[in-house]
Q: 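Next up is a structure, given as structure tokens.
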Number of protein chains: 2
Amino acid sequence: MTDKKENILKAALELFANEGYNAVSTNAIAKKAGVSEGLIFRHFENKKALLDSIMQMAEQKINIVFAPILFETDPLNVIHHSISLPFQIEESEYDFWRLQFKLKWQSEYYNVDKMKPVIDKFIWAFTMLGYQNPALEATFLEQIIETISIGILRNGKESQLNYQQFLINKYQ
Amino acid sequence: MTDKKENILKAALELFANEGYNAVSTNAIAKKAGVSEGLIFRHFENKKALLDSIMQMAEQKINIVFAPILFETDPLNVIHHSISLPFQIEESEYDFWRLQFKLKWQSEYYNVDKMKPVIDKFIWAFTMLGYQNPALEATFLEQIIETISIGILRNGKESQLNYQQFLINKYQ
DNA sequence: TTTTTTATAGTGAGTACTTACTTTTTATTT
DNA sequence: AAATAAAAAGTAAGTACTCACTATAAAAAA
């Protein structure tokens, strides 16, 4: 991948994440990336394909982030690790995640199955720990993690630290 | 308010909620509302003011929906009633709420204080019930309610019914 | 009551400008 | 010189918004 292509992807990510896909023009992306507008269309078929390319990278990142949980063998660790996960996101990747949550509200990008392996792991963990309703506990935990992530993206990690401890105590 | 003005508001709400503000043209709104494009700008200063008008109506609805909770005198009822609240949303109002959640990701519309009175009521309830950390429990509950609401808007009420019972059992 | 005035509601073609995308021209590498 | 990469210029279809004008209806004056 050429430098300029990477610049385009980076610029597009930042703009899409903060302003929204429709609000950002290809001209604005080109300017931010320091390239001509035409170059965008040499590297990507159209504006939509540029977004798709970003989202594909996102899916890889999601897999990497959740991989340690899938390999975790201690059920309680699965839960505690999951709660702590959002706090390990680097600030440089916030745009990435902001875009994910934004696009969750654009139906064509909402993909339920993306989290399936993680939820299955949660169900396994809650079963092992003898919880009454592992399936519901699992989706509950998933949503809690999402909520913390949103809180961090909006108000920073510090704002959610108490919350992290509070939740870890809940799951003992 | 004239019929046509109401048509414009209705059409704009539906389109904004499903496609997103920037993705919808005033031309599309006019066509859906069955009016001339010019009429939109007679009734509203600009496209943004049309959205503002919709959001103002939304704020009123939010107040009405949460009012019963603020007047509730039994702390456990506050919690149970809150969990059940999302299930009382009528299907005809889904667009309304979808737009709310969508715009939460557009910073200028995100208003923390909107829910302040409700959270204060939650804190009061958890304090009365002798919980160790009422403030954190309150934001936790708020986020749970938001999560259920999102689930309902995405997958319908039925999909969240088990969840409702599960949560009410959690708070006994 | 009839006529006149004034305000409001509504239209649809036109405005300047922006959009995503294409074609042509220029620079750089092999 | 040939091939590739990038920039610049261009295009046609939209975009939000305006404007001159008409239709309706309420208020005021006769």
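We use all heavy atoms of the structure for the numbers below, so side chains are in, but hydrogens, waters and symmetry mates are not. Below, chain A is the first sequence line, B the second, and so on; all start at residue 1.
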Q: Is the backbone of B/Ala33 close enough, under 3.5 Å, to the side chain of B/Lys10 for a donor and an acceptor to pair up by distance?
A: no
Q: Can you spot which of B/Glu14, B/Glu37, B/Glu19 makes a salt bridge (charged side-chain N to carboxylate O under 4.0 Å, His left out) with B/Lys32?
A: B/Glu14
Q: Got a donor-acceptor contact below 3.5 angstrom from the A/Ser149 side chain to the A/Ile145 backbone?
A: yes
Q: Compare the minimum distances between each of D/dT18, C/dG10, C/dA20 and the side chain of A/Lys47, then state the nucleotide with the smallest one.
A: C/dA20
Q: Could you pull out the protein-nucleic contacts involving nucleotides 24-30 of chain C (nitrogen or oxygen on both sides, under 3.5 Å)?
A:
none

Q: So which pairs with a foot in residues 163-172 of chain A pass side chain to side chain donor-acceptor pair (under 3.5 Å), sequence neighbours left out?
A: A/Ser84-A/Gln164, A/Tyr163-B/Gln143, A/Lys170-B/Glu137
Q: Treating A/Lys47 as the side-chain partner and A/Tyr21 as the backbone partner, does any N or O pair qualify as donor plus acceptor under 3.5 Å?
A: yes
Q: Heavy atoms from C-beta onward define the side chain here; which of C/dG10, C/dT22, D/dC17 lies closest to that of A/Phe41?
A: C/dT22
Q: Let's see if you get this right: which residues in residues 21-37 of chain B place a heavy atom under 4.0 Å from DNA chain C?
A: B/Val35, B/Ser36
Q: Nearest whole angstrom, please: distance from the C1' of D/dA5 to the CG of A/Asp3.
A: 13 Å
Q: Base, sugar-phosphate or nothing for A/Lys4? Non-hydrogen atoms, less than 4.0 Å.
A: sugar-phosphate
Q: Does any N or O in the side chain of B/Lys157 come within less than 3.5 Å of the main-chain N or O of B/Ile89, such that one atom is a donor and the other an acceptor?
A: yes
